[in-house]
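Predicted model, so just to flag it, every value in this text is computed and none were measured.
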Amino acid sequence: MPGFRGATGQHTAPASTSTTGSAPGAGSAPPPTSGPGSASGSAAPGDPGARQAAGGAPPTAASAPEAAQEARDRAPSARHAPAPALRARVLRAARRVLPGALVPLVRPLWRSARTHRAGAAPAKGMRRPLARARSGADGSLLLRLRADTLPQGPARLSLRARHRDDTPPVTVPLPPAGEADGDGWVEVRLTRSAVSLSEARWDVFVERVSDGRGRRVKALMVETARLLTMPPPQRADGTLEPWVPYATGDGYLAVRVWSRARHAEVTALAPGEHGYLLTARLYGQASRPELSARTVELSGGPVLAAVPRHDPGQAFEFPGRYGTEPDTVRLELPYELPVAFAHGAREAVWDLWLRPGLGPDRVRLGRILGDLADRKKTDIVPRTPVGDSGTAVQLYFSLNNNLVLALTPHPAPAGEAGTPPAGRAAGETARADTAGGGGQGRSSSPSASASA
């Protein structure tokens with residue numbers, strides 16, 4: 001072990017951003033798998049090499065604020081609705097402290113609060129839009145909408161970034177209902193060359209052009225099989241930009257978008273004899289630097305960095321090595337290290353980063369490619385007890401599909417064995433059927449993994 005240290009009636013149109021649209025509306029664990037799945041359709045300091053990382057804060061954002069943002073992303077939007085928003089926040093907070101038996105009693109109130117928000121009120125005389133979504137082999141998104149559910153006058157598609165008040169909606173004109181095909185469908189294709197979407201969860205609406213009022217689109221079917229075989233969706237500058245359509249827990253259509261100039265995609269994860277064994281592929285500006293063998297030897301090559309959420313300055317690192325395939329790295333995370341660096345605590349959470357080469361720059365480890373918008377409840381790694389420490393370690397995917405390491409008491413409290421544990425520790429909400437999640441089946445990943 002190394003030392004620690006599209007069709008007829010189809011319409012493709014340029015998108016535009018708008019600042020006048022209304023606010024978004026509502027919209028025991030199995031072992032890790034080793035082969036591809038399908039989910040298309042509707043996720044010790046005593047070692048001489050050990051060292052504590054200096055100044056372990058991530059380069060982009062602190063870990064704790066990121067965890068809070070993840071929880072906001074998965075929660076329904078409450079923008080411009082002070083009273084209902086407060087009610088929803090109170091209910092979400094109650095869920096984290098109420099016994100599990102009381103959750104079914106609270107859920108109807110919580111859902112009621114979600115659906116009675118300003119901006120979510122249906123436009124007068126407008127039916128609920130119904131749509132089918134399909135990912136194209138080129139990474140585009142084809143939407144087929146029932147013509148008889150669209151407004152009679154001019155209409156547009158509006159994509160609204162959930163919980164991003166400073167991000168204007170992206171709008172695309174819809175073809176007239178009179179251009180529907182023989183089966184009564186109107187089509188519009190969203191392409192990256194015409195539509196620019198930042199990293200967020202985008203809720204899909206249909207709006208009347210006349211007054212800007214709209215209704216959220218209900219998903220009849222979501223097909224994502226082509227995402228399993230298409231090349232990684234990268235822009236000319238190397239930015240990795242996956243689009244994953246999905247149906248929320250309430251049945252509405254949404255699109256999960258990532259946009260990362262630097263990314264380390266976890267392609268394999270397995271528990272080994274002494275620790276977790278990970279393989280990751282580098283994308284964008286994180287690609288392996290061209291270094292001489294001597295420089296690699298002196299720099300130590302790639303490094304795995306674990307940044308604690310409660311104190312980012314107390315990060316620890318562990319060396320890895322470059323893989324035989326281009327832009328790949330192999331990492332090992334010993335089971336004992338989290339215990340050693342928890343300083344006696346029985347619970348802790350670390351966000352996992354990769355430093356590809358020379359310099360302090362880090363890149364997030366995660367799994368954002370494939371056909372799943374949410375992997376927290378599909379790509380699961382069981383807890384591993386650590387000796388007689390009374391604790392166990394576990395890797396899991398966060399709500400943003402980034403890799404996370406958690407230390408928890410062992411044996412786990414009744415009813416929690418095998419589930420991702422960090423929701424309590426980091427303030428995340430672990431529900432998979434909230435407006436941001438749901439409907440995801442088996443993992444499409446090569447092997448189960450974790451992210452943050």
Side-chain angles (χ1 to χ4, degrees), residues 33-40 43 60 133-142 189-202 222-246 255-269 278-290 302 320 322-331 352-357 361-375 378-379 397-398 400-403 440 442-452:
T33 58
S34 58
S38 174
S40 60
T60 55
R134 185 173 73 229
S135 297
D138 59 352
S140 62
L141 180 59
L142 177 66
R189 184 181 293 273
L190 308 181
T191 65
R192 287 176 175 78
S193 60
V195 177
S196 178
L197 300 176
S198 59
E199 180 162 332
R201 295 178 185 269
W202 293 82
V222 178
E223 301 178 63
T224 57
R226 288 180 175 86
L227 297 178
L228 296 173
T229 56
M230 64 175 285
Q234 290 183 275
R235 290 189 175 273
D237 62 358
T239 299
L240 192 64
E241 194 172 90
W243 291 3
V244 183
Y246 67 100
V255 183
R256 183 61 168 102
V257 175
W258 288 271
S259 182
R260 298 191 176 180
R262 300 161 54 84
H263 178 64
E265 179 77 357
V266 177
T267 59
L269 170 58
L278 298 89
T279 302
R281 182 175 294 275
L282 306 177
Y283 289 95
Q285 299 173 17
S287 295
R288 175 179 176 176
E290 295 295 333
Y322 293 114
T324 55
E325 299 181 11
D327 293 326
T328 60
V329 297
R330 296 184 181 277
L331 306 165
L352 297 186
W353 297 70
L354 173 70
R355 183 152 52 80
D361 291 342
R362 299 174 184 159
V363 57
R364 289 306 300 267
L365 282 157
R367 182 169 285 165
I368 63 178
L369 298 177
D371 62 339
L372 294 181
D374 299 282
R375 295 185 177 274
T378 59
D379 296 15
F397 281 121
S398 73
N400 283 337
N401 288 8
N402 295 316
L403 192 59
Q440 306 284 354
R442 295 166 292 165
S443 171
S444 62
S445 60
S447 63
S449 77
S451 39

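For the pair D361 and R355, the salt-bridge criterion is not met [side-chain N within less than 4.0 Å of a carboxylate O]. Between R235 and E241 there is a salt bridge, since at least one side-chain N of the basic residue sits less than 4.0 Å from a carboxylate O of the acidic one.
A side-chain donor-acceptor contact under 3.5 Å links Y322 to the backbone of P356. Using a distance-only test at 3.5 Å, with no hydrogens or angles considered, a donor-acceptor pair links the side chain of E199 to the main chain of S259. Remark: the backbone N or O of Y283 is not paired with any side-chain donor or acceptor of E265 at under 3.5 angstrom.
The distance from the CG atom of L227 to the CG atom of L369 is 9.5 Å, given to the nearest 0.5 Å.
With sequence neighbours excluded, no residue satisfies side-chain hydrogen bond (donor to acceptor under 3.5 Å, both in side chains) with T324. Partners of R192 according to the side-chain hydrogen bond (donor to acceptor under 3.5 Å, both in side chains) rule, which considers only residues two or more places apart in sequence or in another chain, do not exist here. With sequence neighbours excluded, no residue satisfies side-chain hydrogen bond (donor to acceptor under 3.5 Å, both in side chains) with Q234. The side-chain hydrogen bond (donor to acceptor under 3.5 Å, both in side chains) test applied to T239 returns D237, not counting sequence neighbours. Residues satisfying the salt bridge (Lys or Arg N to Asp or Glu O under 4.0 Å) criterion with R330, sequence neighbours excluded, are absent altogether.
Side-chain atoms of R256 and N400 form a donor-acceptor pair, as typed in the model, at a separation below 3.5 Å.
Shown here for V244 and L372, the closest heavy-atom pair between the two residues is CG1-C, 3.8 Å. The two atoms that bring V255 and W243 nearest to each other are CG1-CB, 4.2 Å, heavy atoms only.
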